[in-house]
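This report refers to the structure that appears directly beneath it.
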Amino acid sequence: MRRAGQAVVPLPFDGPAMLRGLALADGLAVVPPGGVVAGAVVEILDAPGP
């Protein structure tokens with residue numbers, strides 16, 4: 001995901017073997033098994049930066 005002000009936006013690169021999304025991400029959303037409804041609050045883990 002990328003930060004967009006107070007919100008976050010998913011990246012389009014999300015396949016199981018796609019590391020491009022992780023390389024470009026600002027953080028990772030912690031989503032429980034089964035997912036969450038749109039607009040739900042989830043924990044965000046900061047991705048290590050350069």
Side-chain angles (χ1 to χ4, degrees):
M1 43 93 354
R2 297 288 302 203
R3 295 187 191 282
Q6 294 294 324
V8 295
V9 180
L11 291 166
F13 317 107
D14 64 354
M18 181 64 72
L19 296 178
R20 183 177 181 188
L22 182 57
L24 297 174
D26 293 327
L28 300 170
V30 180
V31 180
V36 295
V37 296
V41 175
V42 295
E43 181 180 4
I44 302 295
L45 303 176
D46 288 332

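Counting from 1, the numbers follow the sequence of the chain as shown. This is a predicted model, so every value here is computed, not measured.
Sequence neighbours left out, the pairs with a member in residues 37-48 that pass side-chain hydrogen bond (donor to acceptor under 3.5 Å, both in side chains) are Arg3-Asp46.
Leu28 places a side-chain heavy atom less than 4.5 Å from the side chain of Leu22.
By the neighbour-count criterion of 12 heavy atoms within 6.0 Å, atom CZ of Arg20 is sparsely surrounded, having that number or fewer from other residues, nucleotides or ligands.
Pairing each heavy atom of Gly21 with each of Leu11, the nearest pair is O-CD1, 3.2 Å. In plain terms, the two heavy atoms of Ala25 and Ala47 that are nearest each other are O-CB, 3.7 Å.
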N/O donor to acceptor pairs below 3.5 angstrom from side-chain atoms of residues 29-42, sequence neighbours left out:
none

